[in-house]
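Each remark here refers to the structure printed beneath this line.
None of these values were measured; they are calculated from a predicted model.
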Amino acid sequence: MSRRGWVLFIAMSVVWGVPYLLIKVAVRDIGPAELVFVRTAIGALLLLPIALYRKEVRASLRPWLPLLAYTVIEVGIPWLLLSHAEQEVDSAFTGLVIAGVPLVAALIARERLSGTRVAGLLTGFAGVGLLVGFHGGTGGTIPLLELLGVVVCYATGPLIIERWLSDVPRYGVSAVSLAAGALLFAPFVVTGLPDLARTVTPAPALAAVALAVICTALAFVLFFALVAEVGGVRATVITFVNPAVAVVLGAVVLGEEITPLTVGAFVLILAGSFLATRRRTPTGKDDGAGGRSRPGPLPDAARPVPGVRAE
């Protein structure tokens, strides 16, 4: 990769590894629904001007039903579950569980599985099982089920893009989906926002703003630039780096414990995700590039890429 490509790659790895830490801090004072509203509303306000300038909003609104489904499955439900779960579990644990998204995506896509991919799935799920078995009880069953729900949503949302929204402009679908998410949550939280503004302490407030500005709006802009610079296949490698960033930040900033078991589970999940998502070449061999069929909001030519989502 070029120097610019490496800079963008490192920036994205950090930007999408930070949300778990910021959510953990934000939910100290801010409810899950309020946090999702703040995140989507600010993100939409920042991205809509870009989408309008590029004249991408109108084209994004035409397939309104798939776009609404994408908003609910990729933004509304998982961000709400994620915020609620992190009221009980560590941010590092959350990041490691979410690392299983490529494994579930490989199953949902129902592609033909080679022996290597099957081995990858088994290895990855063994890592998730190890992690959940020894750490899942610390926060209770409900947060664990919520995180597993997030994994399924993150693995499903991009398939909607692939089938019904693959031609929708990238900034348009991001901005409009965030705006739609804010509108969906507004009726449930707007009346309580004045009280929240008076009671929230500085750290959670700053965490919520950073989550919206850096990990949502800026993240989309950086990701689009990264894909344009290095291509969709290389861009998806950030999926394997984000959980490591989450674990390190949780330990350094929040004092969360990193055990040998955590490290072992992490290695199994990463190895399994890599093997399970290897793309097959025309000759039928795995290409080893870590490419995957699951798309996001764009690719080499501005098409979505698999296993990558805005946390």
Side-chain angles (χ1 to χ4, degrees), residues 1-23 39 42-51 53-54 56 60 74-75 79 95 98-99 101-102 105 154 157-158 161-162 165-166 168-175 177-178 207 209-249 252-253 266 270 273-274 277-279 287-311:
M1 291 192 294
S2 65
R3 179 178 298 177
R4 182 171 184 269
W6 277 111
V7 171
L8 290 169
F9 178 83
I10 294 171
M12 277 307 308
S13 297
V14 173
V15 165
W16 273 350
V18 168
Y20 309 107
L21 167 67
L22 295 179
I23 292 172
R39 184 177 180 182
I42 295 177
L45 288 174
L46 294 174
L47 286 181
L48 274 174
I50 300 176
Y53 175 78
R54 296 169 63 95
E56 296 183 359
S60 302
E74 184 75 5
V75 176
W79 288 6
I98 303 303
V101 168
Y154 278 162
I161 293 258
E162 181 180 30
L165 300 173
S166 61
V168 177
R170 57 195 191 232
Y171 284 104
V173 71
S174 300
S177 63
L178 288 174
V209 173
L211 189 65
V213 175
I214 299 174
C215 303
T216 304
L218 178 61
F220 276 119
V221 175
L222 289 176
F223 183 65
F224 296 148
L226 176 64
V227 171
E229 180 70 20
V230 307
V233 171
R234 287 192 179 95
T236 62
V237 179
I238 62 172
T239 303
F240 304 123
V241 182
N242 298 156
V245 174
V247 170
V248 172
L249 288 176
V252 173
V253 180
F266 178 53
L270 289 192
S273 296
F274 175 76
T277 56
R278 286 163 69 96
R279 187 171 57 186
D287 66 3
R292 302 187 284 287
S293 63
R294 175 193 161 201
L298 80 158
D300 292 359
R303 216 44 110 241
V305 289
V308 180
R309 70 280 167 191
E311 300 293 358

_So, using side chain to side chain contact (heavy atoms under 4.5 Å, CB included) as the criterion, who are the partners of Ala11 when residues are at least two apart?_
Leu222
_Nearest atoms (heavy-atom pairs only) where Val245 meets Val18_ = CG1-N, 4.5 Å
*Distance-minimising heavy-atom pair for Gly172 and Glu56*: N-OE1, 2.9 Å
*asked:* Can you give me the closest heavy-atom contact between Leu249 and Gly17, atom names plus distance?
replied: CD1-O, 4.2 Å
*Which pair of heavy atoms, one from Met12 and one from Ala219, lies closest together, and at what distance?*
SD-O, 3.4 Å
*Do Ile42 and Thr216 have side-chain heavy atoms sitting under 4.5 Å apart?*
no
*Exercise: identify the closest heavy-atom pair between Leu178 and Gly43*: CD1-C, 3.8 Å
*Could you tell me which non-hydrogen atom of Gly95 sits nearest to which non-hydrogen atom of Ala246, and how far apart they are?*
CA-CB, 4.2 Å
*Got a second to check how far Leu8's CG is from Arg3's CZ, nearest 0.5 Å?*
13.0 Å
*With the side chain counted from C-beta on, respond yes when Ile98 and Tyr20 share a heavy-atom pair under 4.5 Å apart, and no when they do not.*
yes
*With a 4.5 Å heavy-atom cut-off, do Val221 and Leu47 have their side chains touching?*
yes
*Just say parallel, tilted or perpendicular for the rings of Phe223 and Trp16, cut-offs at 30° and 60°.*
tilted
*Atom CD1 of Ile50 and atom CZ of Phe220: how far apart are they, to the nearest 0.5 Å?*
11.5 Å
